[in-house]
Amino acid sequence: MSTQEAQPENLMEAIVSLAKRRGFVFQSSEIYGGLNGFFDYGPLGVELKKNIRDCWWNDMVRRRDDVVGIETSIIMHPKVWEASGHVAGFTDPLVDCKVSKDRYRADQLFWAPIVVDGNTIGYVSALESEKTVEELQAAAESFKRKKAIQGALAPVVAKDFTEAKPEEIALIPSPATGNPGDLTPPRSFNMMFQTNVGAMTNASSVAYLRPETAQGMFVDFKNVVDTNRVKLPFGIAQIGKSFRNEITPRNFIFRSREFEQMEMEYFIHEDADWAKVHEEWISWCEAWLKSIGLPDSHLSRYSHPKEKLAFYSRGTVDIMFKYPFGVQELWGIAARGSYDLTQHANASGKPQEVFDEASKKKFVPHVIEPAVGVDRIFLAVLTAGYAEEEVTDEKGNKEKRTVLRLSPRIAPVKVAVLPLLKNKEVLTNRAKALYAKLKRNYAVQYDDGGAIGKRYRRQDEAGTPWCVTIDFDTIEKPGDTFTLRERDSMQQKRITESELFALLQENVY
Ligand code: ATP
């Protein structure tokens, strides 16, 4: 059997289609037309997501001696968000098109002057994408052609809308209408969802859905220190839902309005070598991503320039992933100094210090924060794992197969148990016995419907690493062996039950 592998030209479309077809991800409230920025996870998706979470929790909390876990409430005291700076500053710059009523994030809306022989003859605009500059250039050429202007067109220099001067704003065309003058100047838009707590709706009942899980760790810092035998350096981790009223949710589950975060606050001594600890955590996160199957070739680092950091921040490095729509942030690792605990100490009047035995001094610990989104990891593993192959069998027959190369650690189904024939009790009884034994510890599927080749293809698409087929050799030959078929290589070999359990134990952890 030989294979020729290719990722489809429109990988994103293929992934969204597979996600829907096989029940990984659905649009939320689809029968009512959907709600932009919200998603549901179907039967396979919920398993994949749970496995991502469980792997992170096991590696980050259970397998480390210096990290403990917590789970804090989604709605917290509104003062938390005042102290953290979110009420005043958790904003994105918003631009409205007065005519179409479309809304844009100013830093995702690009524009450029059209310069011919040194003179500006007009402006073009385009939304951020992999091809922003090409689109702007094409629009500039088209503008010049339509106006029949002679001369040399300069290459466009793209800027985002936050960089537009007031006199330029009136001249930049709206991407929706193509007409200048339709866009408003950018204004700050707070991304926190507001709600009201209790029966009264007034200013004092206002509360927020958390836009990050991190504040839970800061606010409970003292509770954890006082009730656990933790000693610096140590971390507090949490997994949970966060909510952001994103202006332009897009790229499927990459940027949504309700999503899930896995965050850890690692508290260190005020005199600790924070840069060293920061680097250790960046490396840890990269190694973890590889341990769940993300290839090195898709990962890179981005260090935020010093001048763009918040005043309290000492450094932030993002682990970037090559998504089909471009290289984007997957995991942010920030060195935040003692800012958060100090803010909460000042606002609550409750000191957030620890006592240092060596120096006999009290101080506020500093923190390193790795923060990642479960949904972004979910999309990354689909991106890296998706392939369409042309398979040629021994007889020369060609067939297309879609395969999801998911690591056994996170694959929704670990093993599919397939009796060769549905109507032969000797086969189905043995298959059901194996299935019952496997499902005590693993997510497994029993499938007896259709030709064996079809069943393999179904499992390939679901990302199932192994299929075991119970055939006549299982029953008739000594050794009680099954055919083990491996997803990626499609190789088959015979295996005993205990060898199968050993294989699973080694690869699913
Ligand atoms: P971005 O710049 O992409 O908006 P951010 O820097 O605001 O992200 P953080 O506040 O650092 O993100 O959040 C930590 C992590 O949470 C991100 O690295 C990302 O994985 C995830 N995340 C943030 N916003 C969203 C969202 N709207 N949808 C899905 N995941 C998100």
Side-chain angles (χ1 to χ4, degrees), residues 25 28 35-41 45 49 52-53 56 60 81 84-86 89-94 104-108 128 160 162 189-193 208-218 237-265 278 281-282 285-286 288-289 292 294 298-305 308-310 312-313 315-323 325-336 339-340 367-383:
V25 184
S28 160
L35 188 60
N36 197 6
F38 296 90
F39 294 92
D40 295 342
Y41 287 81
K49 207 168 171 217
I52 294 170
R53 262 192 242 119
W56 188 89
M60 177 62 91
W81 306 108
S84 67
H86 284 79
F90 194 61
T91 56
D92 267 345
L94 169 72
Y104 307 103
R105 238 174 80 174
D107 56 342
Q108 293 173 351
E128 183 185 43
D160 78 47
T162 60
F189 170 76
N190 195 302
M191 288 197 289
M192 282 198 293
F193 280 100
Y208 305 95
L209 302 193
R210 68 179 174 203
E212 59 173 39
T213 63
Q215 295 306 318
M217 278 79 101
F218 296 125
Q238 157 156 243
I239 301 178
K241 289 263 183 158
S242 292
F243 303 81
R244 296 183 187 180
N245 199 359
E246 298 277 358
I247 298 168
T248 46
R250 58 191 185 148
N251 294 327
F252 196 35
I253 52 173
F254 177 82
R255 184 177 302 288
S256 51
R257 289 176 165 143
E258 173 177 339
F259 55 98
E260 201 161 3
Q261 289 186 307
M262 306 195 286
E263 299 194 282
M264 196 274 296
E265 305 301 328
H278 191 212
W281 276 110
I282 302 165
C285 297
E286 287 169 332
W288 187 82
L289 289 171
I292 58 155
L294 292 184
H298 283 54
L299 299 170
S300 54
R301 285 185 185 191
Y302 171 74
S303 290
H304 288 240
K308 292 221 167 155
L309 292 173
Y312 53 81
S313 179
T316 297
V317 171
D318 292 339
I319 299 175
M320 312 294 282
F321 183 79
K322 198 163 83 185
Y323 288 98
F325 42 85
V327 174
Q328 298 278 345
E329 173 181 338
L330 173 60
W331 200 330
I333 301 104
R336 300 178 59 88
Y339 175 77
D340 304 273
V367 77
I368 306 289
E369 175 192 85
V372 68
V374 181
D375 314 77
R376 284 196 189 176
I377 296 177
F378 189 107
L379 185 55
V381 296
L382 292 189
T383 300

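Remember, it's 1-based here, ligands and their atoms both numbered in the order they're listed.
Tested against Lys241 for a salt bridge (charged side-chain N to carboxylate O under 4.0 Å, His left out), the candidates Glu258, Glu212, Glu263 yield a single pass: Glu258.
In Arg255, the parts holding a heavy atom less than 4.0 Å from any atom of ligand 1 are both the side chain and the backbone.
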Arg336/Thr316 under side chain to side chain contact (heavy atoms under 4.5 Å, CB included): CA gap, chis, key distance, verdict: CA-CA 8 Å; Arg336 300 178 59 88; Thr316 297; over 6 Å; no
Determine whether Arg301 and Glu286 satisfy the following criterion, salt bridge (charged side-chain N to carboxylate O under 4.0 Å, His left out), listing intermediate values before the conclusion. CA-CA 9 Å; Arg301 285 185 185 191; Glu286 287 169 332; 2.8 Å; yes
Show your reasoning for whether side chain to side chain contact (heavy atoms under 4.5 Å, CB included) applies to Gln108 and Asp160. CA-CA 7 Å; Gln108 293 173 351; Asp160 78 47; over 6 Å; no
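The shortest separation from a heavy atom of Glu212 to ligand 1 is not under 4.0 Å, leaving the residue out of contact.
Protein heavy atom nearest atom 6 (O) of ligand 1, with residue, atom name and distance: Glu329 OE1, 3.2 Å. Closest to atom 22 (N) of ligand 1 among all protein heavy atoms lies Phe259 CE1, 3.5 Å. At the shortest separation from atom 13 (O) of ligand 1 among protein heavy atoms lies Gln261 NE2, 3.3 Å. The closest protein non-hydrogen atom to atom 19 (C) of ligand 1 is Arg376 NH1, 3.5 Å. Taking atom 29 (C) of ligand 1 as the reference point, the nearest protein heavy-atom neighbour is Phe254 O, 3.1 Å. Of the protein's non-hydrogen atoms, the one nearest atom 15 (C) of ligand 1 is Ala371 O, 3.6 Å.
In this pair, Tyr41 and Phe378 present their aromatic rings perpendicular. The plane angle is above 60°, beyond the 30 to 60° band.
For the residue pair Gln215 / Ser84, no side-chain donor-acceptor distance below 3.5 Å is found, with atom types taken as modelled.
Close approach of ligand 1 to Ser256 (heavy-atom distance below 4.0 Å) involves ligand atoms 26 (C), 27 (N), 28 (N). Which parts of ligand 1 touch Leu330 is read off a 4.0 Å heavy-atom cut-off, strictly below it: atoms 18 (O), 19 (C), 20 (O).
The shortest N or O to N or O distance between Gly373 and ligand 1 is under 3.5 Å.
The nearest non-hydrogen atom to atom 27 (N) of ligand 1, considering only Arg244, Glu246, Met191, comes from Glu246.
Using modelled atom types, no side-chain atom of Asp318 and backbone atom of Leu330 make a donor-acceptor pair closer than 3.5 Å.
Ring centroid separation for the pair Phe321 and Tyr323 comes in under the 6.0 Å cut-off.
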